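Notes for the one structure printed next.
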Amino acid sequence: MAICHEVRPARAWMGRLPHGSDLLEALTGLCREKDVTLGRIEALGAVSRAKIGYYDQTERTYGFHEIAEPLEILTLVGNVSLKDGEVMVHAHVTLAHEDGRAVGGHLAAGTEVFACEYMIEAFDGAPLLRSNDEETGLPLWSD
Ligand code: ZN
């Protein structure tokens, strides 16, 4: 059965992250600061290094790629919800190398901002709570 909550746009912010900040931690910090517990995020810009994950569905573990070179952020899409009572940003990124080749995955801490313009939109609605899902092994929305 699908989980489907009606949400209503409440507030939104646009801005720029500090050069040298950690992309995931900076976005999570902004959500905590603005008390966003339900929302969505988008961003673009560039990073000086990246750490992105891929979930191995058989092993049920994340593997991570670290890319120690400058990359463009073509897209970052994410959502904001609660896990164990804490704000959690779940974001995926598509990044491009100098020659335009793209790589992407689950955004992990360890991705360093070169320049990043973001938008965070907060919603009103019943909270979405993450808990461990037995079918996938992932912390998915359960309610
Ligand atoms: Zn993910």
Side-chain angles (χ1 to χ4, degrees), residues 1-57 60-133 135-143:
M1 188 176 69
I3 289 168
C4 182
H5 287 203
E6 182 175 357
V7 299
R8 291 166 302 282
R11 296 194 295 165
W13 298 266
M14 292 177 74
R16 182 170 72 82
L17 298 180
H19 176 80
S21 60
D22 185 280
L23 181 54
L24 180 60
E25 289 174 3
L27 292 170
T28 304
L30 277 166
C31 291
R32 287 201 186 108
E33 183 185 315
K34 302 297 183 189
D35 201 24
V36 178
T37 57
L38 186 66
R40 71 186 191 96
I41 296 177
E42 61 185 62
L44 53 83
V47 297
S48 47
R49 57 184 299 114
K51 185 173 178 183
I52 51 177
Y54 174 86
Y55 188 68
D56 184 318
Q57 297 175 14
R60 296 185 165 215
T61 56
Y62 273 98
F64 291 94
H65 303 286
E66 293 196 47
I67 307 169
E69 64 181 83
L71 299 152
E72 291 286 304
I73 305 170
L74 303 184
T75 57
L76 177 153
V77 293
N79 56 53
V80 187
S81 61
L82 293 171
K83 182 181 174 222
D84 303 326
E86 297 285 328
V87 170
M88 180 181 157
V89 171
H90 180 203
H92 287 193
V93 286
T94 307
L95 304 168
H97 292 276
E98 184 180 7
D99 64 1
R101 281 180 304 119
V103 293
H106 177 99
L107 178 65
T111 299
E112 187 180 321
V113 171
F114 182 77
C116 180
E117 298 170 350
Y118 67 84
M119 190 170 95
I120 298 173
E121 185 172 15
F123 298 129
D124 284 334
L128 281 160
L129 307 174
R130 292 189 182 277
S131 64
N132 289 329
D133 176 69
E135 275 182 326
T136 63
L138 289 164
L140 299 181
W141 292 328
S142 56
D143 183 39

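These figures come from a predicted structure and were not determined experimentally.
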Counting N and O atoms only, with roles assigned by atom type, does the side chain of [X] sit under 3.5 Å from a partner on the main chain of [Y], one being a donor and the other an acceptor?
X	Y	result
His19	Ala115	no
Thr28	Leu24	yes
Asp133	Pro139	no

Problem - Flag if over 12 foreign heavy atoms under 6.0 Å of CD, Glu69 - result: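 Above 12, so yes.
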Handout entry: Neighbour count above 12 (heavy atom, 6.0 Å) for Arg32 CZ
Key =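 Yes - once you tally the heavy atoms of other residues, nucleotides and ligands closer than 6.0 Å, there are more than 12.
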Please report the closest heavy-atom contact between [X] and [Y], naming both atoms and the distance.
X	Y	value
Cys116	Leu23	SG-CD1, 3.9 Å
His5	Ala126	ND1-O, 3.3 Å
Lys83	Met88	CD-SD, 3.7 Å
Val80	Arg40	CG2-N, 4.5 Å
Tyr55	Thr136	OH-O, 2.7 Å
His97	Val103	NE2-CG1, 3.7 Å

Exercise for the section: Classify the ring geometry between His106 and His90 as parallel (under 30°), tilted (30 to 60°) or perpendicular (over 60°). Expected result: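 The rings of His106 and His90 sit tilted, inter-plane angle from 30° to 60°.
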Exercise for the section: Mind checking the CE-CD1 spacing from Met14 to Ile120? Nearest 0.5 Å is all I need. Expected result: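 These two atoms lie 11.5 Å from each other.
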Problem - From SG (Cys31) to CD1 (Ile41), nearest 0.5 Å - result: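 So the SG of Cys31 and the CD1 of Ile41 are separated by 4.0 Å.
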Exercise for the section: May I ask you to decide whether Glu66 forms a salt bridge with Arg49, counting only side-chain N to carboxylate O separations under 4.0 Å? Expected result: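 Yes, charged N to carboxylate O under 4.0 Å.
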Handout entry: Any side-chain donor near an acceptor of the partner, Arg130 and Ser81, under 3.5 Å
Key =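 A donor-acceptor contact under 3.5 Å links the two side chains.
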Practice task
Report yes if some heavy atom in the side chain of Thr37 is under 4.5 Å from a heavy atom in the side chain of Phe123; otherwise report no.
Solution key: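 They are not in contact (no side-chain heavy atoms under 4.5 Å apart), so the answer is no.
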Handout entry: Identified side-chain contact (heavy atoms from CB on, under 4.5 Å) counterpart of Thr94 within the set Leu74, Leu71, Leu44
Key =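 Testing Thr94 for a side-chain contact (heavy atoms from CB on, under 4.5 Å) against Leu74, Leu71, Leu44 leaves exactly one candidate, Leu74.
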